[in-house]
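Whatever order the structure lists them in is the order used to number ligands and atoms, beginning at 1. No hydrogens, no waters, no symmetry mates; every other heavy atom, side chains included, goes into these values.
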Amino acid sequence: MNNPHATVLTINLQHLTHNFNYLKSKIDSDTKFMAVVKATAYGSDAITIAKHLETLGADYFAVAYAAEGVALREAGIQTPILVLHPQPLNFKTLIAYKLEPNLYSFRVLKDFIAVAEHNNLKEYRVHLKFNTGLNRLGFDPADIPLIFELINKTTSVKIASLFSHLAASEDHNERTFTLQQIATFKELSHNFISLLGYTPILHQSNTSGILNYPEAHFSMVRTGIGLYGYGNDPLFDTKLKPIASLTSSISQIHTLQSGESLGYNRAFIAQQTTKTATIPIGHADGINRIYGNQKGFVYINGQKAPILGNVCMDMIMVDITNIICQEGDMVTIFDAKTTAASVAENAGTISYELLTSISSRIQRKIIT
Ligand SMILES: *Cc1c(COP(=O)(O)O)cnc(C)c1O
């Protein structure tokens, strides 16, 4: 979108290359690399990111929904794409765009086989997801005999992979639980392979799984947040480089006298003379209201300026009482130094949410 705006999300593809190489260095050379580019590549720009990762040699892409995969195909992406959360109403589209579904229940498995047979497909690549403890999507390991019976009766589909998802791979206090998930996945894939007679790709690890559980790499890993520069751990955060910086500029400066209020619902009342700057970014842009009332902050000329009062739809106001600055000066909401993880944590949320919330209204600028 051609959308000149003072507020810009700048995406650094050199940082993406760095993160890809770092994550690759953590896995064996024969372990496949699936890049997760759902939710506009974690709020950045899915097409640009996927094209760059395709040139770097990503083996697979993953998206959440069919339409995200369609957009990648229309942009010319040739690499296999797994759709993590397909729905039967999208099955024809998946097939038309050579997108590979995650089949996670008997309903979707039977529906997909019916559509595949109806279209005379042969060995269409599908992926089976098993629930090993997240209790979100996936078959129960006890479903294996019945799944095999259905698959064995048709030549329309081929099992490209078996996979599962870890619930707490970033949480060292949940190590016992995670090791149990890994053991469950090992056992169920062993059982399934002995029925199938061939070995599909096996994958269970997200970014934190890659970094914390080498025993769970299997034959492919799936990484999202790590590619975008976050390791869910101070140790790994120092090795990765956030690819996105969100910057803006000061629209106007006001001086409040003691007792004057600021913004909607008069949520901030000045206790002393207070200088404020109005910035063109608000909750419609992904700066959620939880960042209001000094839970969030921005940086202006290297100094921290807390958000005062409520976040508006299109604007925030920040405290610049002790900052030398003027209208038009640059404002940093997050970048590679003041990271989205630290900004989010301060407000009780996570980098994933802050990054994926940055709305399409904000201009994306790519630097190579
Ligand atoms: C989003 C997602 C991932 C990526 O997780 P990160 O923590 O961002 O690496 C991997 N697998 C599944 C099933 C997902 O939904």
Side-chain angles (χ1 to χ4, degrees), residues 16 19-20 22-24 26-27 31-44 46 49-50 53 58-66 68-69 72 80-87 99-105 108 126-139 160-172 174 178 181-182 185 189 201-214 216-233 236-237 239-244 339-341 344 349-357:
L16 180 61
N19 298 334
F20 177 83
Y22 178 75
L23 293 162
K24 285 280 277 187
K26 294 287 168 188
I27 61 174
T31 304
K32 288 184 192 296
F33 190 100
M34 173 181 271
V36 181
V37 294
K38 63 190 179 192
T40 54
Y42 289 43
S44 59
I49 298 294
L53 290 168
D59 299 291
Y60 246 99
F61 289 114
V63 293
Y65 298 113
E68 297 176 313
L72 295 181
I81 300 173
L82 165 61
V83 178
L84 292 164
H85 198 166
Q87 287 132 33
L99 304 171
E100 303 176 11
N102 162 22
L103 304 178
Y104 51 86
S105 70
V108 294
V126 300
H127 303 257
L128 296 179
K129 188 175 198 181
F130 286 89
N131 176 20
T132 56
L134 183 60
N135 292 321
R136 191 173 70 176
L137 287 184
F139 284 103
S161 84
L162 305 177
F163 76 111
S164 185
H165 195 33
L166 298 172
S169 56
E170 71 279 36
D171 188 345
H172 298 293
E174 294 292 355
T178 304
Q181 279 199 282
I182 297 167
F185 183 65
S189 43
I201 302 170
L202 305 178
H203 48 119
Q204 188 175 32
S205 284
N206 63 342
T207 299
S208 292
I210 297 171
L211 300 172
N212 297 327
Y213 295 93
H217 290 181
F218 298 101
S219 48
M220 182 160 75
V221 294
R222 304 185 300 269
T223 174
I225 200 78
L227 285 170
Y228 309 110
Y230 294 93
N232 299 332
D233 186 314
F236 299 118
D237 283 343
K239 310 280 187 194
L240 295 162
K241 297 183 179 179
I243 68 160
T339 67
T349 182
I350 56 174
S351 58
Y352 296 68
E353 187 186 49
L354 176 54
L355 294 170
T356 58
S357 297

Close N or O approach ([X], ligand 1; < 3.5 Å):
X      : value
Lys129 : no
Asn206 : yes
Leu84  : no

> Among Gln181, Arg222, Gln204, His203, whose side-chain hydrogen bond (donor to acceptor under 3.5 Å, both in side chains) with His165 holds?
Replying inline: Arg222
How far is [atom] from its nearest protein heavy atom, and which residue and atom is that?
atom                    : value
atom 1 (C) of ligand 1  : Lys38 NZ, 1.4 Å
atom 11 (N) of ligand 1 : Arg222 NE, 2.8 Å
atom 12 (C) of ligand 1 : His165 CE1, 3.4 Å
atom 7 (O) of ligand 1  : Tyr352 OH, 2.7 Å

>> Between Phe218 and Phe185 (judged by ring centroids, cut-off 6.0 Å), do the two rings come close enough to count as a pair?
In response: yes
>> Could you check, using the six-membered ring where one of them is a Trp, whether Tyr22 and Phe236 have ring centers closer than 6.0 angstrom?
In response: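 Ring centroids of Tyr22 and Phe236 are no less than 6.0 Å from each other.
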>> Angle between ring planes, His127 versus Phe163, binned at 30° and 60°: parallel, tilted or perpendicular?
In response: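 His127 vs Phe163 ring planes: perpendicular.
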Over all heavy atoms of both residues, which pair between [X] and [Y] is shortest? Give the atoms and the distance, please.
X      : Y      : value
Val37  : Leu53  : CG1-CD1, 4.3 Å
Asp237 : Asn232 : OD1-N, 3.6 Å
Gly231 : Ser208 : O-OG, 4.1 Å

>> Please confirm whether Arg136 approaches ligand 1 to less than 4.0 Å, judged on its heavy atoms.
In response: yes
> Does at least one non-hydrogen atom of Tyr42 fall below 4.0 angstrom from an atom of ligand 1?
Replying inline: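 Judged by the 4.0 Å heavy-atom criterion, Tyr42 does count as contacting ligand 1.
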> Between the side chains of Tyr60 and Glu100, is a donor N or O closer than 3.5 angstrom to an acceptor N or O?
Replying inline: yes
> So which bit of Phe163 gets within less than 4.0 Å of ligand 1, heavy atoms only: side chain, backbone, both or neither?
Replying inline: neither
> In terms of atom number and element, which parts of ligand 1 are under 4.0 angstrom from non-hydrogen atoms of Ile225?
Replying inline: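 That gives atoms 6 (P), 7 (O), 8 (O), 9 (O) of ligand 1.
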> Evaluating non-hydrogen atoms only, which member of Thr207, Leu355, Leu82 is closest to atom 9 (O) of ligand 1?
Replying inline: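 Minimum heavy-atom distance to atom 9 (O) of ligand 1 goes to Thr207.
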